[in-house]
Undergrad: 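Before we start, here is the structure in question, set down as structure tokens.
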Amino acid sequence: MAELILYNTLTRSEEPFQPREPGKVAIYACGLTPQAPAHVGHMRGVVVMDIVQRWLEQLGYTVQFVQNFTDIDDKIIRRAQEEHTSTTAVAEKYSRMYIEDAHALGARLPHFVKVTENMDAIIEMVQRLVADGYAYVVDGDVYFEVNKFPEYGKLSGRSVEEMQAGARIDVDERKRNPEDFALWKAAKPGEPAWDSPWGKGRPGWHIECSALSLKYLGAAFDIHAGGMDLIFPHHENEIAQSEAYLHCEQPFARYWLHWGPVRLRQEKMSKSTGLVVPIRELREQYEPAVIRYFLLTVHYRTPLEFSYERLQESQAALERIRTASQRAEAFLREHGNATADAAIAEPYLQQFRAAMNHDFNTAQALAAVFEVVREINTHLNTPELATATAAPARLAGLRNALQWMMETVLGIALQPPAAAQSETLNQLMYCVIAWRQELRSRKLYDLADRIRDDLKAMGIVLEDSPQGTTWRIG
RNA sequence: GGCGCCGUGCCCGAGUGGCUAAGGGAAAGGUCUGCAAAACCUUUAUUCGUGGGUUCGAUUCCCACCGGCGCCUCCA
């Protein structure tokens, strides 16, 4: 349980993971503003966090994972006007879509929390920051004063002076420093608003994540995650306001984990550039498992260039894994499910664990998966190995390893979704294959080939080998 | 302008101060096969953007340059 290494953006180095509390991990990830359909970039975060959870669970931790929905902000207000509906309806609609997309990608869902349902916690936090002198009130707005927090800039590696030197933002005259940011915004006419000590208004963008994570996870929780584009200013501001709130006696979060952007045509996939592949659209063309596989082919911090060629490659690679899995299953169906020989897969499992323990290196872990695939195939088509008495036990051991790596850890099903196999289907195929074998032995190849072609059209692939004929869905 | 990341074979992509530089995709040849498919084997980097430096030794550390990207404004 002690061997997990993870990269901490705060220290810009890899560190052994030590939880706040033995056996438990508390994680917070910044969610999205539900105001448009999610794209592939959003799904990368979803899949990365799912893998993190799964692996921590394999290491024996109990994982608590919280994620927010920014269900009130400028963009939602604008969207509600465009769609002639309420901000609540907009947030509800796109939150549902996002959850449905995440679910389709095989992600277990975090505990979702909403801004509008936690106004008390947010207001309480702002109040204390004002009372403690970290924040000031101007005309119903509340700003955090960055100069009151000496460590401002420690996450993103910049100093306030540098920022001021390179500043190219319009300075709001009411702010004491250009870098001061809004904790609370006074309501404009017609906008949704909440009562507060400073009048009607709504929270600034950054405060919600601080208030919600501290409310649900407590101070010094284990992992705070998000996309790299959130490092500055969002996470920098979160640290400032949270640690100020905690009187700098405790850190806000212990480890900061950031995943890389998904790019399209060499540019970050983002709503603002219009370079976006909505996950809905992609799901019509590719099985979610293929999309998930694609997202796992590079280390999570590396920028990932989106392309249909890459997706196609992922599909081919996944098919190779699934074919081996199904061949092993077919062999075991025929030879009886022996007690698995666990030792045979151990070297590959070690390789796999080492990769996952090294900052969730799924790209490297996949290499171990393919080692198992090769081992399975070699056993199956080397006559001496396939007929050995130990063969069923070995194949069972390899099959179990493959299942654990792919399904339990990486969350990718070895059976394509269409292959809801039933015992009836197994028996039917057994019959069909026997009949076709009869035709082949009488050299009625045209009929045998016709059966194969017809089945192919139905999505069932027959493969002949000296050991007999196997079938698989694919 | 400031902060930071990256540049590995045909493509994608791991990785390490010295051991054959993973794995996948693609292509070619071979084996097997009635054919097909699948699979297995072999081949595609004496080399890791370029030039210096440190070192007994660097793709891996340092510096410069070239090229690409992210952030500095909302952004996963």
Undergrad: Distance between the P atoms of B:A28 and B:A38, in whole angstroms?
TA: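 After rounding to an integer number of Å, I get 13 Å for this pair.
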Undergrad: Under 4.0 Å between a Lys/Arg side-chain N and an Asp/Glu carboxylate O for A:Lys188 and A:Asp74?
TA: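 Salt bridge flag = no for A:Asp74 with A:Lys188.
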Undergrad: Across all strands, who's sitting opposite B:G23 as a Watson-Crick or G-U wobble pair, both distances under 3.5 Å?
TA: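 Partner of B:G23: B:C12.
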Undergrad: Quick one: which of B:G15, B:C71, B:G68 gets closest to the side chain of A:Arg158?
TA: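 So the side chain of A:Arg158 is nearest to B:C71.
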Undergrad: Decide if the gap between the ring center of A:Tyr286 and the ring center of A:Phe294 is smaller than 6.0 angstrom.
TA: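 When the ring centroids of A:Tyr286 and A:Phe294 are compared, they turn out to be at least 6.0 Å apart.
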Undergrad: Could you tell me the Watson-Crick or G-U partner of B:A76, where both distances fall under 3.5 Å? Say none if there is no partner.
TA: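 Because no pair has both required distances under 3.5 Å, B:A76 counts as unpaired.
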Undergrad: Just call it for A:Ala317: base, sugar-phosphate, or nothing, with non-hydrogen atoms closer than 4.0 Å on any strand.
TA: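 Since only primed, P, OP1 and OP2 atoms lie under 4.0 Å of A:Ala317, the category is sugar-phosphate.
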Undergrad: Assign A:Thr470 to base, sugar-phosphate, or nothing according to its heavy-atom contacts below 4.0 angstrom with the strands shown.
TA: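 A:Thr470: no heavy atom of the nucleic acid under 4.0 Å.
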Undergrad: Reckon A:Gln266 touches a base, only the sugar-phosphate, or nothing at all at heavy-atom distances under 4.0 Å?
TA: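 Result for A:Gln266 = sugar-phosphate.
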Undergrad: Report which part of the nucleic acid A:Ile231 touches: base, sugar-phosphate, or nothing (heavy-atom distance under 4.0 Å, all strands).
TA: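 No contact.
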Undergrad: Quick test of your reading of the model: are A:Arg54 and A:Asp50 salt-bridged, counting only N-O distances below 4.0 Å?
TA: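 Yes, this pair counts.
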Undergrad: Under 4.0 Å, heavy atoms only, any strand: does A:Glu371 hit a base, just the sugar-phosphate, or nothing?
TA: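 It contacts sugar-phosphate atoms only.
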Undergrad: Mind checking the P distance from B:G67 to B:U50? Whole angstroms is fine.
TA: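 15 Å, rounded to whole Å.
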Undergrad: Write down the distance between NE2 (A:His358) and P (B:G15), rounded to a whole number of angstrom.
TA: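 One finds 7 Å between P of B:G15 and NE2 of A:His358, rounded.
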Undergrad: Can you build the contact string for nucleotides 29-41 of chain B? Use B for base contact, S for sugar-phosphate-only contact, and - for no protein heavy atom under 4.0 Å.
TA: ---S-BBBBSBSS
Undergrad: Using the P atom in both, what is the distance from B:C12 to B:G30, to the nearest Å?
TA: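 To the nearest whole Å, 29 Å.
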Undergrad: Return the nucleotide paired to B:C3: Watson-Crick means purine N1 to pyrimidine N3 with N6-O4 or O6-N4, wobble means G-U with N1-O2 and O6-N3, both under 3.5 Å.
TA: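 B:G70 is the nucleotide pairing with B:C3.
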Undergrad: Test ring-ring contact (aromatic ring centres under 6.0 Å, His included) on A:Tyr98 and A:His42 and set out the steps.
TA: CA-CA 9 Å; A:Tyr98 172 80; A:His42 295 118; 7.1 Å; no
Undergrad: Expressed in angstrom and rounded to an integer, what is the separation of A:Met356 atom CE from B:A14 atom C1'?
TA: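 After rounding, the reported distance stands at 14 Å.
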Undergrad: Output yes when A:Arg322 and A:Glu329 qualify as a salt bridge under the 4.0 Å nitrogen-oxygen rule, no when they do not.
TA: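 Salt bridge absent between A:Arg322 and A:Glu329.
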Undergrad: Under 4.0 Å between a side-chain nitrogen and a carboxylate oxygen: does that hold for A:Glu313 and A:Arg310?
TA: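 The answer is yes: the pair qualifies as a salt bridge.
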Undergrad: Return the nucleotide paired to B:U46: Watson-Crick means purine N1 to pyrimidine N3 with N6-O4 or O6-N4, wobble means G-U with N1-O2 and O6-N3, both under 3.5 Å.
TA: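 Base-paired to nothing in any strand shown.
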Undergrad: Take the protein atom OH of A:Tyr94 and the nucleotide atom C1' of B:A76, then report the distance between them rounded to whole Å.
TA: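 Taking OH of A:Tyr94 and C1' of B:A76, I get 18 Å after rounding.
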Undergrad: NE2 of A:His103: more than 12 outside heavy atoms within 6.0 angstrom?
TA: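 No, the 6.0 Å shell around NE2 holds no more than 12 heavy atoms from other groups.
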Undergrad: Return whichever of A:Glu309 or A:Cys30 has its heavy-atom-nearest nucleotide of RNA chain B closer to the 5' end.
TA: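 In this pair, the answer is A:Glu309.
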Undergrad: Please determine whether a side-chain nitrogen of the Lys or Arg among A:Glu191 and A:Lys185 lies less than 4.0 Å from a carboxylate oxygen of the Asp or Glu.
TA: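 Looking at A:Glu191 and A:Lys185, the cut-off is not met.
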Undergrad: Any Lys/Arg nitrogen of A:Arg452 or A:Asp449 sitting under 4.0 Å from an Asp/Glu carboxylate oxygen of the other?
TA: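 A salt bridge links A:Arg452 with A:Asp449.
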Undergrad: Could you tell me whether A:Glu305 contacts a base, only the sugar-phosphate backbone, or nothing, with contacts defined as non-hydrogen atoms closer than 4.0 Å?
TA: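 Touches nothing.
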Undergrad: Looking at every strand, decide which applies to A:Met269 at a 4.0 Å heavy-atom threshold: base, sugar-phosphate, or nothing.
TA: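 Touches a base.
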Undergrad: Base, sugar-phosphate, or nothing for A:Gly226, non-hydrogen atoms under 4.0 angstrom?
TA: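 A:Gly226: backbone/sugar contact only, no base atoms under 4.0 Å.
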Undergrad: So does A:Lys271 get a side-chain nitrogen or oxygen closer than 4.0 Å to the phosphate oxygens (OP1/OP2) of B:A76?
TA: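 False: A:Lys271 side-chain N/O out of range (4.0 Å or more) of B:A76 OP1/OP2.
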Undergrad: Can you tell me the pairing partner of B:C40 across any strand shown, Watson-Crick or G-U wobble, with both distances under 3.5 angstrom?
TA: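 The answer is B:G30, by the H-bond criterion.
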Undergrad: Work out how far the C1' atom of B:A22 is from that of B:C56, and round it to whole angstrom.
TA: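 That atom pair is separated by 28 Å.
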Undergrad: What is the base-pairing partner of B:U55, counting Watson-Crick and G-U wobble geometry with both distances under 3.5 Å?
TA: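 Because no pair has both required distances under 3.5 Å, B:U55 counts as unpaired.
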Undergrad: Looking across every strand, which nucleic acid part, if any, lies under 4.0 Å from A:Gly227 by heavy atom: base, sugar-phosphate, or nothing?
TA: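 Touches sugar-phosphate only.
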Undergrad: With sugar-phosphate meaning primed atoms plus P, OP1 and OP2, does A:Pro303 contact a base, only sugar-phosphate, or nothing at under 4.0 Å between heavy atoms?
TA: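 Here A:Pro303 touches no strand at all.
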Undergrad: Can you measure A:Tyr152 atom OH to B:C3 atom P for me and round it to whole angstrom units?
TA: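 Roughly 17 Å, once rounded to whole Å.
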Undergrad: Determine the Euclidean distance between corresponding C1' atoms of B:A58 and B:G52; express it in Å to zero decimal places.
TA: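 Approximately 13 Å lies between the C1' atom of B:G52 and that of B:A58.
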Undergrad: Only one of A:Tyr255, A:Phe252, A:Phe65, A:Trp256 clears ring-ring contact (aromatic ring centres under 6.0 Å, His included) with A:Phe221; which?
TA: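 Of the listed options, the one satisfying the test is A:Phe252.
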Undergrad: Rounding to the closest angstrom, what is the interatomic distance between B:G24 and B:G15 at atom C1'?
TA: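 Each nucleotide's C1' atom is 15 Å from the other's.
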Undergrad: Measure from the side chain of A:His299, starting at C-beta and using heavy atoms only, and say which of B:A76, B:A14, B:G24 lies closest.
TA: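 Of the candidates, B:A14 comes closest.
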Undergrad: In this structure, how many angstroms lie between the P atom of B:G13 and the CG atom of A:Asn361, rounded?
TA: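 Roughly 13 Å, once rounded to whole Å.
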Undergrad: Students often get this wrong, so: under 4.0 angstrom with heavy atoms, is A:Lys75 touching a base, only sugar-phosphate, or nothing?
TA: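 Counting heavy atoms under 4.0 Å across all strands, the contact made by A:Lys75 includes a base.
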Undergrad: In whole angstrom, give me the gap between the C1' atoms of B:C48 and B:C61.
TA: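 Going atom to atom, C1' in each nucleotide, I get 16 Å.
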Undergrad: Tell me whether the OP1 or OP2 atom of B:C5 has a side-chain N or O from A:Thr9 closer than 4.0 Å.
TA: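 Answer is no, no contact under 4.0 Å.
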Undergrad: Of the options B:A76, B:G23, B:G25, whose atoms approach the side-chain atoms of A:His42 most closely?
TA: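 Of all the options, the side chain of A:His42 is nearest to B:A76.
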Undergrad: Tell me: CZ of A:Arg263 to C1' of B:C5, nearest whole Å?
TA: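 A:Arg263 atom CZ is separated from B:C5 atom C1' by 10 Å.
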Undergrad: Find the distance A:Arg301:CZ to B:G13:P and express it as a whole number of Å.
TA: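 One finds 15 Å between P of B:G13 and CZ of A:Arg301, rounded.
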Undergrad: If you find the nucleotide of RNA chain B closest to A:Pro261 and the one closest to A:Tyr7, which residue's nucleotide is nearer the 5' end?
TA: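 Nearest nucleotide further toward 5': that of A:Tyr7.
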Undergrad: Look at all strands and tell whether A:His234 reaches a base, only sugar-phosphate, or nothing, counting heavy atoms closer than 4.0 Å.
TA: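 No contact.
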Undergrad: If you measure from the P atom in B:A21 to the same atom in B:U43, how many Å do you get, rounded?
TA: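 13 Å, rounded to whole Å.
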Undergrad: Is A:Arg158 salt-bridged to A:Glu179, going by a charged N under 4.0 Å from an acidic O?
TA: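 No, A:Arg158 and A:Glu179 are not salt-bridged.
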Undergrad: So what does A:Val369 touch, heavy atoms closer than 4.0 Å: a base, only the sugar-phosphate, or nothing?
TA: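 Here A:Val369 touches no strand at all.
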Undergrad: Assess whether one donor atom and one acceptor atom, taken from the side chain of A:Glu313 and the base of B:G24, lie less than 3.5 Å apart.
TA: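 Between B:G24 and A:Glu313, which were checked side chain against base, a qualifying N/O pair under 3.5 Å is present.
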Undergrad: Rounded to whole Å, how long is the line connecting atom CE of A:Met405 with atom P of B:G23?
TA: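 Whole-Å distance recorded here is 14 Å.
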